[in-house]
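A note on names: the letters A, B, ... follow the listed sequences, proteins ahead of strands, and every chain is numbered from 1.
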There are 2 protein chains.
Amino acid sequence: MNISTIANKSGLPPKTIRYYEEIGLISPNRKQNGYRDYSETDGIKLHFLQRARSLNFSIEDCRKLLSLYEDKTRASADVKQLAQAHLKTIERKIYELKTMQESLNKLVASCHGDNDPDCTILDGLSGVFNSTDKSK
Amino acid sequence: MNISTIANKSGLPPKTIRYYEEIGLISPNRKQNGYRDYSETDGIKLHFLQRARSLNFSIEDCRKLLSLYEDKTRASADVKQLAQAHLKTIERKIYELKTMQESLNKLVASCHGDNDPDCTILDGLSGVFNSTDKSK
DNA sequence: GCTTGACCTTCCATCTGCTGGATAGTTTAA
DNA sequence: TTAAACTATCCAGCAGATGGAAGGTCAAGC
């Protein structure tokens, strides 16, 4: 299979597939003309990578997952541990983003958003909080 | 003020402060010896940048926010619009991460995590779902 | 047989937002 | 005076691709 065929099958763009080869995640055969020749196994691996990446696993995690996938004597505990660690990372990111969302929401909510230069968002960013209370 | 003084005040490391100068966010004076000499105004700007970055505003957004901050004839509507767009981005990211969290949680929950090679996580990543149901 | 267009190849640059390290000059305190 | 603690510049590298240039190849239509 040529690269664009496998690209369609795996859901990954050709550029990304070549990149994955460059960093040693896959190693397809070559035809006489120099074109890459992907096997069904390559397709399965690329699809696996696509899914793992879509769950935000890092490339290095993907590398480990792929080698566990290919190791038929693996312990599922090893896979689970990796996945749980990643889950923690995701949870941490969600928490961070929620904190930002909350802060930003407060700033946005109190800003009039009109033609006037007075802006609680800029006040908040510059460290001047409770500027709206000055009117009290 | 030398760079490490302003670094402590603004909460940004010296390397980052030099980088911000390189990309044109600030432009401190220089002393005769070539050292950067930061004013109070520079300090305020850097602190502003530190806060904006901590809310995940991109550098380009920060640049716009900073110029709005300095433009005393601004309309707060412009600031609000920028902030709201960013809020949408944050919300989108939270949603994406939650989707990932959910998927990964399901995979992890159904994996035995023992010495056995059978692994629902790897099955899920390779596209073989409901593998546990095969025992029924 | 020839051309055209859609492929494919490699290589190098770019993106975001810093961070680390090398090398060298300067200041400050003991 | 000397050593530590600054400061400066410059270049490389991180992740994870992506874009583009320059060139080779292949398949279809005339």
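- In this structure, the side chain of A:N33 engages the main chain of A:Y35 through a donor-acceptor pair within 3.5 Å.
- Between the side chain of B:R51 and the backbone N or O of B:L55, no donor-acceptor pair lies under 3.5 Å.
- Within the 3.5 Å criterion, the main-chain N or O of B:D114 finds a donor-acceptor partner in the side chain of A:S76.
- Atom CD in A:E22 sits about 13 Å away from atom C1' in C:dT9, given to the nearest Å.
- Listed pair A:N33 / D:dG24 fails the phosphate criterion, with no side-chain N or O lying under 4.0 Å from OP1 or OP2.
- Following rounding to the nearest Å, B:I3 (CD1) and C:dC18 (P) show an atom-to-atom distance of 14 Å.
- Atom P of nucleotide D:dA15 and atom CG of A:L49 are separated by 16 Å, given to the nearest angstrom.
- Judged by distance alone, the side chain of B:S10 and the main-chain N or O of B:H47 form no donor-acceptor pair under 3.5 Å.
- In this model, the phosphate group of D:dT7 is approached by a side-chain N or O of B:S4 to a distance below 4.0 Å at OP1 or OP2.
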* Structure fact -> Its contact letters, B for base, S for sugar-phosphate only and - for none at protein heavy atoms under 4.0 Å, make nucleotides 16-22 of chain D read BBSBB--

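- Using modelled atom types, one side-chain atom of B:R74 and one backbone atom of B:L68 make a donor-acceptor pair closer than 3.5 Å.
- With no hydrogens or angles considered, a side-chain donor-acceptor pair links A:D42 and A:S39 at under 3.5 Å.
- Distance, B:Q50 CD to C:dG17 C1': 15 Å, rounded to whole Å.
- Atom OH in B:Y35 sits about 10 Å away from atom C1' in C:dT28, given to the nearest Å.
- Across all strands shown, B:I23 has no heavy atoms under 4.0 Å from either base or sugar-phosphate atoms.
- For B:D61 and C:dC15, the CG to C1' distance is 16 Å, given to the nearest whole Å.
- The phosphate of D:dC6 (OP1 or OP2) has no side-chain N or O of B:R36 nearer than 4.0 angstrom.
- A:D71 and A:T73 are linked by a side-chain donor-acceptor pair at a separation below 3.5 angstrom, with hydrogens and angles left out of the test.
- Considering only side-chain N and O atoms, A:R30 lies under 4.0 angstrom from the phosphate OP1 or OP2 of C:dT10.
- Listed pair B:R18 / D:dT9 fails the phosphate criterion, with no side-chain N or O lying under 4.0 Å from OP1 or OP2.
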